[in-house]
Every structure is written in C-alpha cells, then in structure tokens.
Colleague: 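Can you keep this structure in mind? I'll have questions shortly.
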Amino acid sequence: MMNYHDPIRQSKYLRQTLSQDKKPVGFFISAGCPLAVSMPEGKWPLIPDVAGLTKYIKDEIDKEKTVIGDTPRNLADAYTELINEVVKTGKSNPNIEDILSFLRGMMQVSKGAIDIRGFSESELQNLEKIVCQKIAEKLSVELPDNKTPYHKLAKWVNNIDRDTPIEIFTTNYDLLLEEAFESLKVPYFDGFVGTRFPFFDLRAVEDNLIPNHWTRLWKIHGSINWYLKDNKDVYRSTSLEECDSYIIHPSHLKYDQSRKMPYLALIDRLNKFLRQNSAVLILSGYSFSDDHLNDTILNALRANPTAMVIALLFGDLTKTTQEEGDGGEMITKTIINHEKALELAENRSNLSIWTFDEAVIGGLRAKWKPMKSDYEAEENIGNAVRPIKDENQNIVGYNFHLGDFAVLGDFLQELIGKEQFKIEQDGV
C-alpha cells in the first residue's frame, strides 16, 4: 500500500499551531522570499536570489577598471582572480556568500603580510568594501505596495495577543521585513537600542526583556543598515550612505570580536528559541545550503524532541527528465531538487519538509493526497492545495503550495479572518 500525506490535515495542524498564543512560534525568512513579491512587468525580481546576486556583483565589479592607489591591478581583474582562488578550494561554482567568506578569511591572515595568494592587504580591503557596497546598492529597494507576503505576515503577527512573542529569524540583509512592519505600525525589536547611533544590546537579546507584543526580528547575517564604527563598534543607522563599513556576514568565520558579536548572539538566540518546550519554527525560502545554520537547527532539535521545524520549500522535490541513451532508447532520470533538506528530514523526525509534490513528515517521505477528495473549499486555507488534472480534466495528483512565500502570505491572511470569526462565535 502506498503512503500519502494529507495536505488538508497538515493545513489544519499548521492553523492550530499558529493560533495558540502560549506556544513559542517563530518564522525563518530566507533568500527565496523576496522572489515571491509580485512586481510590475519587467521589474521582477524585487531582489534576486543568491545566484542572481552573485552574477550582479560580478557584472558590476567588472566595470571597475581604474587602479586604486598602489595596488598592482584594477578591482575587476582582482575580483576575477579572487573567484579563481575560491574555485581552487573545491567550490566549482562559488556564490557571493562563498566569495565573501573566503575574502574575509584571507583578510584575517593578511595582517602585516605583503602577499596572500597574490593579494595585498589593501587590495583585499578594497575588494571587501566594494562587494559589500554593491550588495547594499542592490538590496536598497522598497516593496511595491502593501499587499505583499511581507505585509500579510506583519498583519498576522499583529492580529493575536500572545503570551509568547513571535520571533522572526532571517538571513536576508534587506529591509523588507522592517518596511512591512513599520508601515503597519507593528512594534518589533532587532537587538539595537538608542537614537543617534543605535547600538547592539546583548543583555536585552539574551535575557529577552522586551514586551511580549513586540515581535523579535533577528537578522542573523547582518543588514545593509548595520555598520562597523572605527573598526570596533557595531551600530545601526537610518542612513544608507555611511562611510563606515557594512556589516554583512554570510559565514561563521571567526571575525574580530566586534563583527562576531551580533552574529554569535543571534545564532545563540535561534538555538535558545528551538530549545523551548513545544517550540515551532516555520522556514520559508531556505535552501539548507548553510552548514553552520543547519548544525544549529539540527543540534537544537536533537536536544529538544518537543520542538518542531517545518521547512516550506519552493517547487517539487523531484524532477523527471527524459534523455536519449547511446542506443537511441529513452532513459528516464530523476533529479532531487532539495537533496540536503531531504537527507536531514529523513533522519530527524521533528524536522518536516513540505515541497509542492511531496513531503517528509516524521521521517516518512510520501506524495500529497487528501484523505477525502471532496474536501470543503474552506478547509483549503489560502488555496494552497491544488489538484493536478490530465487533458480529460481527471484529477491525477495533488500539489501543496505553501512552499511559495506568496501562498504562505495568503494562508496567514485567511487565518486572520478565521480567528476573528472564531472569537465572535465564542463571544470573547
């Protein structure tokens, strides 16, 4: 007998989980989420994914043909050579995060040295500055309207009075979450306090001493409005035109103490969140390509069997292709799109992955299929369950689209209405 996972049942489970005001609930918003924002013709995506950002940075730095100071070559040539050095370490197609991590690693050992892999200390500093500057330029964007999935998440957060505050973790450096929360007047705390040069308050983050109606927003990889002052103090600014260097750290390198502090404190916050009794963390737009984050999540789940992580992944788990063999015969090949996520979920019962066509729940991998095909339309929250039909309009399967951040936004928006109706019915 073939096993199936019921998307209607899982939809109800998620709804119940999110409506409990005492349960620790968190969201993990990652690089795939900005792609879900609908844009006017020719303007999509609002922010590219990691691969798109990597290409953009390379194209932009290729224009930098002037030689700075006493460096032996221009930045375009130096950046090309830097990528070649990253490739030599075994990364055949390095992304911007690999490149920045490698660059920072070289900067660590370049202090006082004349030559590191053919780069001088000043050349490495110039490269880091321009990479972070180009990232910040590309990510300094605004949401097109107030109907985006970010606004729907902010509205949902604001809808329920909670005993336990919502915690939102993100690896994104953009300001889209801040924009949505502020436009809807949803209070949040990101670890910084002060007015002129808001500073990172470690005690407030560690002791969680903030009012419960303030959502926690933890930017694990830094932000385009965080800066390093005099190479020692991290501060947040409302201006994006500071002369100090940006704090964007997409790796777990042992930076000098000042850069390291917010990063380690926020990773620790993720760990503490998942070690709370019955904590639930919902991942959206995350590809499981960051080994250090994976370890943090997995170790917390091992230590706390009552915690649950649900990874909502975009697209199908598998892709089938037809290729012609040597003898002219057609060979069917199956490619796994989320290989790392699948491997982790099959070995960890409290890590679930939900892709469009399949899910791994409790370590069991299966296709989606409702227990009863005549489910009510209102049971299909956010229209996330979608029948697949053949040319004769017969249903041949089902997809569950919560891995699309736009559909997750619709799901949360519909929950607001359902919760209000429930409150009115209960006479509360």
Side-chain angles (χ1 to χ4, degrees), residues 31 48 50 53-89 91 94-140 171-174 200 219-237 239-264 290 292:
V50 175
L53 189 60
T54 304
K55 183 182 183 306
Y56 169 81
I57 303 296
K58 176 77 171 80
D59 292 346
E60 284 295 300
I61 297 180
D62 278 348
K63 299 171 189 171
E64 302 289 330
K65 298 296 187 186
T66 50
V67 176
I68 301 172
D70 57 355
T71 52
R73 59 195 158 188
N74 62 43
L75 282 174
D77 293 343
Y79 190 67
T80 301
E81 192 49 45
L82 175 69
I83 294 170
N84 292 338
E85 291 297 321
V86 182
V87 171
K88 286 178 191 173
T89 66
K91 292 198 182 294
N95 66 36
I96 190 61
E97 303 200 338
D98 299 325
I99 295 163
L100 197 48
S101 298
F102 183 81
L103 172 56
R104 296 244 174 90
M106 293 210 331
M107 288 174 73
Q108 283 294 105
V109 295
S110 71
K111 301 278 188 287
I114 298 165
D115 183 291
I116 300 290
R117 287 188 176 225
F119 294 86
S120 66
E121 186 178 352
S122 63
E123 195 169 38
L124 292 170
Q125 286 169 349
N126 290 336
L127 280 169
E128 190 214 21
K129 190 172 179 183
I130 195 164
V131 168
C132 289
Q133 184 189 328
K134 294 299 178 189
I135 289 173
E137 283 173 12
K138 189 65 176 168
L139 270 54
S140 298
T171 51
N172 298 350
Y173 333 119
D174 59 60
F200 191 74
K219 301 189 83 168
I220 294 170
H221 281 176
S223 180
I224 59 171
N225 65 342
W226 295 8
Y227 300 91
L228 195 60
K229 192 171 185 61
D230 304 328
N231 226 27
K232 61 177 193 292
D233 294 320
V234 176
Y235 70 96
R236 185 191 66 203
S237 172
S239 162
L240 298 179
E241 287 145 27
E242 303 284 331
C243 54
D244 295 319
S245 59
Y246 297 99
I247 296 287
I248 294 171
H249 35 88
S251 76
H252 62 287
L253 277 177
K254 296 176 177 65
Y255 307 119
D256 48 69
Q257 200 58 37
S258 51
R259 283 181 191 252
K260 193 165 69 171
M261 207 272 284
Y263 179 72
L264 291 184
D290 186 320
H292 190 230

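If you read the sequence from its start, that first residue is 1, and numbering goes on from there.
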Colleague: Before giving the answer on side chain to side chain contact (heavy atoms under 4.5 Å, CB included), spell out for Phe119 and Arg73 the whole-Å C-alpha distance, their side-chain angles and the decisive distance to 0.1 Å.
Modeller: CA-CA 10 Å; Phe119 294 86; Arg73 59 195 158 188; 3.4 Å; yes
Colleague: Would the distance check show the side chain of Asn95 and the main-chain N or O of Glu97 forming a donor-acceptor pair, the cut-off being under 3.5 Å?
Modeller: yes
Colleague: Closest approach of Arg104 and Cys132, non-hydrogen atoms and distance?
Modeller: NH2-SG, 3.5 Å
Colleague: So, taking the atom named CD in Glu121 and the one named CG in Asp115, what distance separates them when rounded to the nearest 0.5 Å?
Modeller: 12.0 Å
Colleague: OH/Tyr227 to CG/Asn225 distance, rounded to the nearest 0.5 angstrom?
Modeller: 6.5 Å
Colleague: Can you spot which of Asp62, Val131, Asn84 makes a side-chain contact (heavy atoms from CB on, under 4.5 Å) with Tyr79?
Modeller: Val131
Colleague: Grab the two heavy atoms, one from Lys219 and one from Tyr173, that are nearest each other, plus how far apart they are.
Modeller: NZ-O, 3.7 Å
Colleague: I would like to know whether Thr80 and Lys58 meet side chain to side chain contact (heavy atoms under 4.5 Å, CB included); could you show each step before the answer?
Modeller: CA-CA 8 Å; Thr80 301; Lys58 176 77 171 80; 3.3 Å; yes
Colleague: Going by side-chain hydrogen bond (donor to acceptor under 3.5 Å, both in side chains), name the residues that satisfy it together with Glu81, two or more places apart in sequence or in a different chain.
Modeller: none
Colleague: Can you tell me how far apart CG (Asn74) and CG (Asn126) are? Round to the nearest 0.5 Å.
Modeller: 11.5 Å
Colleague: Quick one: which of Ile99, Ile61, Leu75 gives a side-chain contact (heavy atoms from CB on, under 4.5 Å) with Leu82?
Modeller: Ile99
Colleague: Which heavy-atom pair separates Gly118 from Glu123 by the least distance, and what is that distance?
Modeller: O-OE1, 4.0 Å
Colleague: What closest approach, in Å, do Ser140 and Ala136 show between heavy atoms, and which atom pair accounts for it?
Modeller: OG-O, 2.6 Å
Colleague: Hey, what do you get for CD1 (Ile57) to CD (Gln133), rounding to the nearest 0.5 Å?
Modeller: 10.0 Å
Colleague: Which atom pair, heavy atoms only, marks the closest approach of Val50 to Ala31?
Modeller: CG2-CB, 3.9 Å
Colleague: Could you state the interatomic distance from NE2 (His292) to CD1 (Ile220), rounded to the nearest 0.5 Å?
Modeller: 10.5 Å
Colleague: Given Glu128 and Gln125, is the side chain to side chain contact (heavy atoms under 4.5 Å, CB included) satisfied, shown in steps?
Modeller: CA-CA 5 Å; Glu128 190 214 21; Gln125 286 169 349; 5.9 Å; no
Colleague: Taking the side chain as everything from C-beta on, heavy atoms only, tell me whether Leu139 gets closer than 4.5 Å to Leu53.
Modeller: yes
Colleague: Quick check: do Lys138 and Glu60 have side-chain heavy atoms less than 4.5 Å from each other?
Modeller: no
Colleague: Assess whether side chain to side chain contact (heavy atoms under 4.5 Å, CB included) is satisfied between Thr171 and Asp290, documenting all intermediate values.
Modeller: CA-CA 10 Å; Thr171 51; Asp290 186 320; 5.5 Å; no
Colleague: Please examine the side chains of Arg236 and Ser223, heavy atoms only from C-beta on, and report whether any two atoms are closer than 4.5 Å.
Modeller: no
Colleague: Which atom names give the shortest non-hydrogen contact between Tyr56 and Lys134, and what distance separates them?
Modeller: CE2-O, 3.7 Å
Colleague: Identify the residue among Leu100, Val87, Thr89 that makes a side-chain contact (heavy atoms from CB on, under 4.5 Å) with Pro94.
Modeller: Val87
Colleague: Would you give the length of the straight line joining atom CG of Leu124 to atom CD1 of Ile116, rounded to the nearest 0.5 angstrom?
Modeller: 8.0 Å
